[in-house]
Amino acid sequence: MKIHLSSAKECQTLRGWGTSACWWSQYCQGNPARDIARLLYSKEGLGLNIYRYNIGGGTDIDNCRVSNPWRRTDSMLRFDKEKEEYSWDFSRDKNAVDMMKRCLDYGTVDTLILFCNSPHYSQCSSGQASGSLLYHTCNIPLSKYEAFVNYVLDVAQHFIDEGLPVKYISPINEPQWKWGGTHVWQEGCHYEPEEVRQIFSLFARTITRRGMDVRLYGPESGEYLGDTMEYLQPLFDDRTVMSLLDVVAVHSYHCDTRPEVRYEFADRILPKCPVRVDMSEWCELPNKSHTKDFKGALITARIIGQDLAYAGCESWTSWVAVNQFSIKDDGNDYSDALISANDDFSDWCIAKRYYALAHYTKFIPVGSRVLDLGLHPTEENNSFNVFGFVTPDNSRVLVVVNEGAPTAIDIEGEYDTMTVIRSCQDDELAESTGLFVSKINIDQNSIYTIVIK
């Protein structure tokens, strides 16, 4: 395959790489917290610069249908149902806050996002943060919008007062999904497009009135296409919202094998977005790759590249950094995160997909630009992918993802040196440096990052 690197068109600038601390960080402390923070946010690890902290909907155990504690989050806002009184206890969610601070201490984070899966349970129609009792029904009445806004901004202000660099508020997550109903598995809340607009508008007005130096981010659409534009257009038409909305955030679910979805998003929706677009959440869903299977890394590397090169996103964030062990009948762990752990973190391990993300974050810094290599795989021809970037120091970087037979690439252009980093089932991030050569053989089922100067 010929790679026309020197003549490739420069596209969007990358704002970085991230992950979410949702659900796991509240149970992580001590040595595991130290080690995992280093793996994620130190320059020796992934060096991530985007951190997503979850403002939880809170739990009233007597009225909580989410049985798995790793799918719900305690709240700093206490509610006394008998007295109908609120009070703050900022010692709650201590482990998650400590993890956030630990990661921030590495100095790599420039984007701290506070996001919500649900309003506080006391503000919800069902009295639960796990959605309405009816499918596809908003779980917060209009009369509670202001309370929800103040709840989130009070938490944000508390963190700001502590010196944490809160940059974005993302109050709504995947509004188009049904959530709630007869079966619930996590915090969540459905919203119709006009309800999303109203809430974002109230956030914008309240942020302005308070004089807070934060911006809006969202609305975290659960997919590229579907009803995404129906949710975005009301926001774009609202001047108050657009005075503070800096980023349209979308999730890259339900199209893992279909690059055409990304082409359509870039062609039909991206040009209508007056602000930048971030891919703020993805994991393999449903997850068919166990944590020690390099197939999971191959899929992850392909999705990262396609979200940037074909959908036009300016950052890429994993969901989630850590998830629970998920041992199936074959004895393998099918956790869908970068790292998996048991509930108290007495045992944890790095998943193969962690190294897929490392192939990007360790060699393609913030400020790099995506290159259009003129390659357009289809669903039928999607096993060999090459993605190009130019870094701020003018290095050219290729990430090659080969999920099929051995294939050679031929790089057009004149360069001096190259560093090749290779990962496969039995090796991670093996690195070699030498003089530039134009032809490189790419092993089957492997990921290569090639840095060319």
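Just so you know, residue 1 is the first one in the sequence shown, and it goes up from there.
- Nearest heavy atom pair, residue Asp336 against residue Glu284, reads CB-O, 4.3 Å.
- Under 3.5 Å, the side chains of Thr108 and Asn49 contain no donor-acceptor pair of N or O atoms.
- In this structure, Ala311 and Phe265 approach most closely via the heavy-atom pair O-CD2, 3.5 Å.
- Applying the salt bridge (charged side-chain N to carboxylate O under 4.0 Å, His left out) definition to pairs two or more places apart or across chains, those involving residues 5-23 are Glu10-Arg369, Arg15-Glu314.
- Under the 30°/60° scheme for interplanar angles, the aromatic rings of Tyr168 and Tyr217 are found to be tilted.
- Looking only at atom types and distance, the side chain of Gln26 has no donor-acceptor partner in the side chain of Asn54 under 3.5 Å away.
- Ion pair Asp333/Lys292 not flagged as a salt bridge, since none of the NZ, NE, NH1 or NH2 atoms sits closer than 4.0 Å to an Asp/Glu carboxylate oxygen.
- Nearest heavy-atom pair, Tyr27 versus Phe345, reported as atom, atom and distance to 0.1 Å: O-CD1, 3.5 Å.
- Considering only residues two or more places apart in sequence or on other chains, Trp17 meets the ring pair (Phe, Tyr, Trp, His ring centres under 6.0 Å) condition with Tyr360.
- Applying the salt bridge (charged side-chain N to carboxylate O under 4.0 Å, His left out) definition to pairs two or more places apart or across chains, those involving residues 430-445 are Arg422-Asp443.
- Taking the six-membered ring for Trp and the full ring otherwise, Tyr51 and Tyr41 have centroids separated by under 6.0 Å.
- The shortest side-chain heavy-atom distance between Ser130 and Glu187 does not fall under the 4.5 Å cut-off.
- Looking at Glu281 and Arg52, a side-chain N of the basic residue comes within less than 4.0 Å of a carboxylate O on the acidic one, giving a salt bridge.
- Closest of all the heavy-atom pairs between Arg396 and Tyr415 is CG-OH, 4.4 Å.
- Taking the centre of each ring, Tyr53 and Phe159 come in below the 6.0 Å mark.
- Side chains of Gln324 and Asn68: a donor-acceptor N/O pair is present below 3.5 angstrom, by distance only.
- For the side-chain contact (heavy atoms from CB on, under 4.5 Å) with Leu232, the qualifying choice from Pro219, Pro274, Ser221 is Pro219, the only one to do so.
- Cation-pi geometry between Lys352 and Phe294 is not satisfied (NZ or CZ under 6.0 Å from the ring centre, within 45° of the ring normal).
- Evaluation of the salt bridge (charged side-chain N to carboxylate O under 4.0 Å, His left out) test over residues 28-44, restricted to residues two or more places apart or in two chains, returns none.
- Sparse packing is recorded around NZ of Lys288, with 12 or fewer heavy atoms of other residues, nucleotides or ligands lying under 6.0 Å away.
- One side chain, Ser170 or Glu220, offers a donor N or O that lies under 3.5 Å from an acceptor on the other.
- No hydrogens or angles considered: a donor-acceptor pair under 3.5 Å links the side chains of Glu174 and His251.
- Legend: residues meeting side chain to side chain donor-acceptor pair (under 3.5 Å) with Asn402, ordered by chain and number and at least two apart, are absent.
- Centroid-to-centroid, the aromatic rings of Trp179 and Trp185 come within less than 6.0 Å.
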Run the numbers on Val196 and Leu235 for side-chain contact (heavy atoms from CB on, under 4.5 Å), then give the verdict. CA-CA 8 Å; Val196 170; Leu235 299 180; 4.1 Å; yes
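- For residues 232-256, the set of pairs meeting the salt bridge (charged side-chain N to carboxylate O under 4.0 Å, His left out) definition, not counting sequence neighbours, comprises Arg197-Asp238, Arg215-Asp246.
- Residues Asp74 and Arg92 are paired through a salt bridge, judged by an N-O separation under 4.0 Å between the basic side chain and the carboxylate.
- Of the N and O atoms on the side chains of Asn445 and Gln425, not one donor lies less than 3.5 Å from an acceptor on the other residue.
- Side-chain contact between Ser6 and Glu412 is present, with heavy atoms from C-beta onward closer than 4.5 Å.
- Thr407 places a side-chain N or O within donor-acceptor distance of the main-chain N or O of Ala405, the cut-off being under 3.5 Å.
- Only one option out of Leu429, Val399, Leu398 pairs with Thr449 in a side-chain contact (heavy atoms from CB on, under 4.5 Å); it is Val399.
- Residues Leu270 and Ala266 share a closest heavy-atom pair of CB-O, 3.6 Å.
- Side-chain contact of Ser346 with Asp344: a donor-acceptor pair under 3.5 Å is present, judged by distance alone.
- Residue Asp213 places its CG atom among 12 or fewer non-hydrogen atoms of other residues, nucleotides or ligands, all under 6.0 Å distant.
- Rounding to the nearest 0.5 Å gives a distance of 12.0 Å between CD1 of Ile411 and CE of Met1.
- The distance from the CE atom of Met279 to the CZ atom of Arg262 is 9.0 Å, given to the nearest 0.5 Å.
- Note on ring orientation: taking the six-membered ring where Trp is involved, the planes of Trp316 and Trp282 are tilted (angle from 30° to 60°).
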